Amino acid sequence: MKKKLTNILHDTLDLCFREGYLSKAPLPEFVIEIPNNPDHGHFATNLAMILAGKQKNSPRNIAEIIIQHLLDPDHFILKAEIGGAGFINFFVTIERWYDLLSHVITLKDDYGRNNLGKKKKIMVEFVSANPTGPLHLGHGRGAALGDTLCRIFDFCGYDVSREFYINDTGQQIKTLGESIYSRWRQLSDPSYPFPSDGYQGDYIQELAIEIAQKTTLEGLDIHDAIDLLSELGKDKMLEEIKEDLAKFRVNFDCWYRESDLYSSGKIDDTIKLIKRKGMLFEKDGALWIRTSSFGDDKDRVIRKKDGSLTYFATDISYHLDKWERGFKRVINIWGADHHGYVTRVKAALMAEGIPEDWLDVLLIQLVKLWEGGAEVKMSKRSGRYVTLKELVDNVGVDAVRFVFLSKDHTSPLDFDIDLVKRRDSENPVYYVQYAHARICSIFRKAAIENISLPENPGSIYERLVLDEEIALIRKMAEFPSLIEEIARELAPHRLTYYLTEIAGNFHRYYNRHRIIGKNKYLSQARLLLSLGVKIVIKNGLSLLGLSAPEMM
RNA sequence: GCGCCCGUAGCUCAGCGGAUAGAGCGCCGGGCUUCGAACCCGUAGGUCGCAGGUUCGAAUCCUGCCGGGCGCACCA
């Protein structure tokens, strides 16, 4: 609908320029908005106000000229009025609203789909938690965001790939092995020392017991034992992470192992490549990359004095590999505590001639958990933290995802577990789903009453005359452009607000008017309207990775 | 000290250049003999952190300050 109006305005401006009604000027960026105040029409634009500066004419005069020359062959606009300082308010012909509802019903699951992406290959790398411990709430927030972005990209015609990068080499994996080893020894000798930088959580002990049952550790040299435990522990953790994510409705297309960069020789190629570009130098026995030439504060070490590579080295190699795999765009989702890392990685990529905007890094802010009116303090050091699994088991996938997705990722998020746990009323999470279930229930009732939807509704739509009914259709009309904007802005939280609004509109309408009544045609018309709402809600929920229950 | 993010209703957050600043929760008061009350209706609650600037117009953009969070490793 917005697009249609945009076209009309463009055509009209062309005409005005051509015929000299307005002095020729470059087309400004104007906005078409949906006013809150019904008096301001179905749509409004600031076009005339934007134009005013260049035209040496008042906004209201320009608006008048535009309105007089509107090119509207399809009779889309019922009337156009000038409001306020020079807004043009448009009222759409009611038949066009019926057309839209009919369109929604025809397209069903595909309503809102677009071809913004044109099959372009895009990758979202997210979660990428170290396989040294269970997923926590921050990972959950990243998982929800990443997965939903992917669902939306897919809906927008991108060829999207979900990827999880596994840091399965280096010190932390060794520390994992040492931690498990120590806990295993402690089973027989409680005084056996635990490494000072070891992983504290109870899961380490559980791992130790579980592995010891299946594997013979006795008789192994301590180093061999730790190596073995590193391997087994890491695999086990990875398995759990996979399970937890699957339960959270997040499934990856690719699990990329850091260790593969070593075994495939990619990391060596990367270093050679950087060297060829003249970006490498040696200092103090270490190997450095000149990232400072590309906006970084300082140069960075990629090979330490002891000969081992830094994680930064493999990160560069990994991202070059993403580039070589042909992704046209890559989005990384990181915890906000990694923000210092962004410039560094981008600098390294730019040194290889990769454009700066190829990679987008979304930094998600902290999640705080509240229970019983107090913050649940978490610290990885002490191993005292609430895992994603615990939270999901406690309150359900839908509720957790909804809360994570209802805030912009740049805002810190307070998760009130008491509020979300409530399955009764008062929980914002169920509001949208309830509207869906309610509509399903109405259709069950309609079936019992033998009221079916007409094959060709045609004039049936004309029974929809109430302002609230047209407002509902207008709300449905917002959906496609909203999806586009969300894909562009990477802001899926807007979808939760939209769904809450359309659900609210429907609840209000439902409470005031009967869908199924004595008049068959009116009932059918309102059922069609309800069907449209149901379709939009279901499509929206599905993009958020939430279920659309038929009964609750 | 430098960099990034955040200061909007009692609480949690939307809005990010436009017409009277919104929602959920919480408070108070109403609504089920008819399609699901996990719902609806109504009341109260705001110098949009502060101060300047940009413009026809600023919660929104710019600058400075104040307050909070997070980073500034040959750590992972």
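These numbers come from a predicted model, not from an experiment.
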What string of B, S and - do you get for nucleotides 69-76 of chain B 5' to 3' if you count protein non-hydrogen atoms under 4.0 Å? -BS--BSB

Closest-nucleotide ordering on RNA chain B, the 5'-leading residue of Tyr434(A) and Asn89(A): Asn89(A)

The residue, Phe87(A) or Phe443(A), whose nearest nucleotide of RNA chain B is more 5′ is Phe87(A)

Categorize [X] for me: base, sugar-phosphate, or nothing, with a 4.0 angstrom heavy-atom threshold over every strand shown.
{"X": "His40(A)", "result": "base"}
{"X": "Asp414(A)", "result": "sugar-phosphate"}
{"X": "Glu489(A)", "result": "nothing"}
{"X": "Ala435(A)", "result": "nothing"}
{"X": "Leu287(A)", "result": "nothing"}
{"X": "Ala52(A)", "result": "nothing"}
{"X": "Glu33(A)", "result": "base"}

Could you check how far [atom1] of [X] sits from [atom2] of [N], rounded to whole Å?
{"X": "Asp408(A)", "N": "rU12(B)", "atom1": "CG", "atom2": "P", "result": "17 Å"}
{"X": "Leu482(A)", "N": "rA14(B)", "atom1": "CG", "atom2": "C1'", "result": "13 Å"}
{"X": "His513(A)", "N": "rG31(B)", "atom1": "NE2", "atom2": "P", "result": "21 Å"}
{"X": "Ile439(A)", "N": "rC39(B)", "atom1": "CD1", "atom2": "P", "result": "15 Å"}
{"X": "Leu51(A)", "N": "rG17(B)", "atom1": "CG", "atom2": "P", "result": "20 Å"}
{"X": "Leu490(A)", "N": "rC5(B)", "atom1": "CG", "atom2": "P", "result": "15 Å"}
{"X": "Arg508(A)", "N": "rG24(B)", "atom1": "CZ", "atom2": "C1'", "result": "13 Å"}
{"X": "Asn37(A)", "N": "rG18(B)", "atom1": "CG", "atom2": "P", "result": "16 Å"}

Consider only side-chain N and O atoms of [X] and [Y], and report whether a donor and an acceptor are under 3.5 Å apart.
{"X": "Ser58(A)", "Y": "Asn61(A)", "answer": "yes"}
{"X": "Glu258(A)", "Y": "Asn167(A)", "answer": "yes"}
{"X": "Gln172(A)", "Y": "Thr132(A)", "answer": "no"}
{"X": "Asp315(A)", "Y": "Tyr341(A)", "answer": "yes"}

[X] side chain, from C-beta outward: closest of [options]:
{"X": "Thr410(A)", "options": "rG15(B), rC6(B), rA19(B)", "value": "rC6(B)"}
{"X": "Arg512(A)", "options": "rG36(B), rA19(B), rC41(B)", "value": "rC41(B)"}
{"X": "Asn511(A)", "options": "rC40(B), rG36(B), rC35(B)", "value": "rC40(B)"}
{"X": "Tyr431(A)", "options": "rU12(B), rA19(B), rC39(B)", "value": "rC39(B)"}

Please determine if a side-chain N or O atom of His493(A) lies less than 4.0 Å away from the OP1 or OP2 oxygen of rG15(B). yes

When you check the phosphate oxygens OP1 and OP2 of rA37(B), does a side-chain N or O of Arg438(A) lie under 4.0 Å from one of them? yes

Whole-angstrom distance between [N] and [M], as gauged at atom [atom1]:
{"N": "rC40(B)", "M": "rC72(B)", "atom1": "P", "result": "47 Å"}
{"N": "rU60(B)", "M": "rU43(B)", "atom1": "P", "result": "29 Å"}
{"N": "rU8(B)", "M": "rA59(B)", "atom1": "C1'", "result": "7 Å"}
{"N": "rG49(B)", "M": "rA21(B)", "atom1": "P", "result": "15 Å"}
{"N": "rG24(B)", "M": "rG42(B)", "atom1": "P", "result": "11 Å"}
{"N": "rU20(B)", "M": "rC11(B)", "atom1": "C1'", "result": "25 Å"}

Flag if over 12 foreign heavy atoms under 6.0 Å of CG, Asn36(A): no

Test side-chain contact (heavy atoms from CB on, under 4.5 Å) applied to Ile302(A) and Thr270(A), step by step: CA-CA 11 Å; Ile302(A) 63 170; Thr270(A) 299; over 6 Å; no

Does the pair Arg488(A)/Glu485(A) count as a salt bridge with the N-to-O cut at 4.0 Å? no

Can a salt bridge be assigned to the pair Glu468(A) and Arg508(A) using a cut-off of 4.0 Å between side-chain N and carboxylate O? no

Both conditions, 6.0 Å and 45 degrees, for the charged tip of Arg438(A) above the ring of Phe506(A): are they met here? no

